[in-house]
Amino acid sequence: MAFDENTTVLIVDDAHSMSQGIRAILAMGGVTQSETASHAGEAQNRLRGRRYDVVLCDYNLGLGMNGQELLEATRRSGALPLSTLWVMITGERNYGQVASAAELVPDDYILKPFTTQQLLDRLEAAARRKAFLSPAHRLLDKGKTEQAIQTLGGLIAEADSRQRRLDAQRLCGELLAREGLHEAALRLYREVLSKDELPWAKMGVARILSEQGDGGGANALLDQVIAEAPRYTEAYDLLAQNLTDDGKYSDAAGALEKAVAISPRNFSRLHHYGTALLRSGEATRAVEPLQRAVDIGRGNSFFGPEAMVDLLQARCESGQTQQLDRLQHDIAARQGELPGGPLTMAVCRAMTALAQQRPQQAETHLAEAAEWIAAPETDFGSALRFLSAAAKLPDEHGAERAPDWARSIALRFADSRHELGSLLEVAAPRPACGDAARAAYAELQDKSRAALDQANQGKLETAAEMLHADAMRTLNCRLGLYGCAMLLRIAENRQEAGQDYAGEMQSLRELLHWLPHDNERVRGFVKRRQALIRHED
């Protein structure tokens with residue numbers, strides 16, 4: 001990369017004097033197109049609106065995300081092109097250890113204080129190193145991921161240094177995993193590990209094992225990563241997620257407590273720590289980290305209201321009712337951003353009413369919320385919170401309706417024993433709700449088996465019709481995924497035979513309309529459907 005008057009630079013620093021000083025240094029080096037952002041939220045907004053050649057980011061950005069977390073957030077959201085050079089500025093002497101352990105790393109870093117020439121020399125060196133991967137970056141900018149992976153394979157083979165080889169392997173592994181090519185990614189990571197015990201490669205394997213359902217294997221690797229690189233906070237995060245998936249909320253909270261001690265101002269991690277405590281039954285302990293998460297995140301554009309909802313629940317369950325009305329008001333002001341939409345707002349009002357000993361109002365709010373159980377925007381977490389409140393209704397105030405609500409929620413969300421276990425946990429105060437959830441889960445299992453039996457008998461159309469009808473009635477993701485797979489199989493067979501498959505395409509469109517498009521299998525189904533449409537054209 002040649003640095004000149006056409007080079008665009010974003011400087012992210014919460015100290016105005018520092019950012020202006022860096023602008024002056026760049027201008028002396030001939031770089032005049034520079035802009036500044038004073039915090040992570042502003043930086044995210046600028047990166048969404050414009051492409052920069054270089055980002056110079058301070059590691060410590062005050063409240064909210066630090067520079068490493070900003071890098072990861074922008075990379076994962078797609079707001080930061082891989083071709084953009086990211087250089088971290090830090091006064092922390094141990095930053096090299098932190099950066100080498102992180103899964104997503106900056107292109108380089110420079111320690112404060114630095115001279116004009118040191119900064120310019122460091123930028124030139126980082127640009128030369130990044131140029132080795134530029135053929136893959138250009139393909140990725142065009143959306144050609146498959147070709148980029150092939151190009152990286154060639155770069156790995158021709159790399160003339162260990163660092164270049166590792167850079168290419170690291171990016172290639174990331175792309176393979178992102179595309180769902182897990183076996184190829186595992187082979188690459190294990191090849192790296194056969195020569196170098198690198199935490200990021202172990203982390204890559206652990207992520208894939210987690211996605212494949214091998215939580216035990218993933219956790220064993222994560223324990224190794226944490227022992228070798230104790231500041232690798234992403235390892236604690238994934239370990240906590242795996243423990244949460246296994247219902248071990250107290251252990252998950254323990255892992256996150258260690259990560260929070262390393263990064264005490266990370267509002268996202270504080271939020272997860274608080275919710276883990278909340279789900280482990282420690283509502284009183286959950287209040288403090290959740291309040292800190294809200295206080296830190298409130299002023300940033302990347303902060304959503306879900307942390308306030310969890311704080312409200314923790315205060316309700318711990319009997320700390322003094323700030324509930326204010327919290328409700330703050331949540332209502334951001335109702336449009338709430339996960340779960342109107343259901344969550346109604347549940348917030350119900351939880352507050354229960355905490356303030358107003359059960360009749362709580363019943364009214366929950367009856368209002370129940371109308372939204374089948375709404376597409378209602379997610380599992382919101383439904384769990386609803387059932388938790390419903391299970392606490394007194395016998396004389398709507399408790400008789402709670403089992404029906406539990407059944408509806410289970411039919412929609414109980415895709416596996418994990419979801420069933422979560423439902424049974426929050427329904428514990430009302431055994432009839434647990435019985436209803438178990439019965440609904442058994443019904444889902446029976447429907448899946450019945451469709452599979454039809455398919456095994458060669459009656460694919462009958463199986464697809466059953467799955468489509470049951471999925472549309474319940475909005476159950478598992479049934480919907482099975483239905484999509486069956487419909488695509490039939491449509492592709494008919495396409496090959498030159499037969500009409502319009503009916504299957506219509507049923508498929510109906511399922512894909514509400515299935516979550518951030519799901520890897522759903523994205524695969526969408527691609528297969530698009531291929532069928534292109535063939536029709």
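Excluded from the calculations below are hydrogen atoms, water molecules and symmetry mates; all remaining heavy atoms, backbone and side chain alike, are included. Keep in mind that this is a model prediction, so the values were computed, not measured.
Remark: side-chain polar atoms of T275 are paired, donor with acceptor, to backbone N or O of H272 under 3.5 angstrom.
For the pair D435 and R438, the salt-bridge criterion is met [side-chain N within less than 4.0 Å of a carboxylate O]. Between R412 and E443, no side-chain nitrogen of the basic residue sits less than 4.0 Å from a carboxylate oxygen of the acidic one, so the salt-bridge criterion is not met. With respect to the salt-bridge test (charged N to carboxylate O, under 4.0 angstrom), the residues D446 and R449 qualify.
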- Please step through salt bridge (Lys or Arg N to Asp or Glu O under 4.0 Å) for the pair D310 and R279, ending with a clear verdict. CA-CA 10 Å; D310 288 324; R279 295 193 70 179; over 6 Å; no
- Task: I would like to know whether Y482 and R478 meet side chain to side chain donor-acceptor pair (under 3.5 Å); could you show each step before the answer?
- Result: CA-CA 6 Å; Y482 286 168; R478 183 182 180 187; 3.2 Å; yes
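Heavy atoms of other residues, nucleotides or ligands lying less than 6.0 angstrom from CD of Q335 number more than 12. For E496, the CD atom counts as loosely surrounded, since its 6.0 Å shell holds 12 or fewer non-hydrogen atoms of other residues, nucleotides or ligands. Under a cut-off of 6.0 angstrom, the local environment of CD in Q360 is sparse, with at most 12 non-hydrogen atoms contributed by other residues, nucleotides or ligands.
Tested against E504, the residues R509, R489, R494, R529 include a single salt bridge (Lys or Arg N to Asp or Glu O under 4.0 Å) partner, R494.
Taking CE of M351 as the start and CG of L327 as the end, the distance is 10.0 Å to the nearest 0.5 Å.
The side-chain contact (heavy atoms from CB on, under 4.5 Å) test applied to E396 returns P394, not counting sequence neighbours.
Within the 4.5 Å cutoff, side-chain heavy atoms of E306 are placed close to those of H271. Here the side chains of L239 and D223 are in contact, with some heavy-atom distance below 4.5 Å.
Judged by distance alone, the side chains of Y273 and R285 do bring a donor and an acceptor atom under 3.5 Å apart. Neither side chain, E465 nor T462, offers a donor N or O lying under 3.5 Å from an acceptor on the other.
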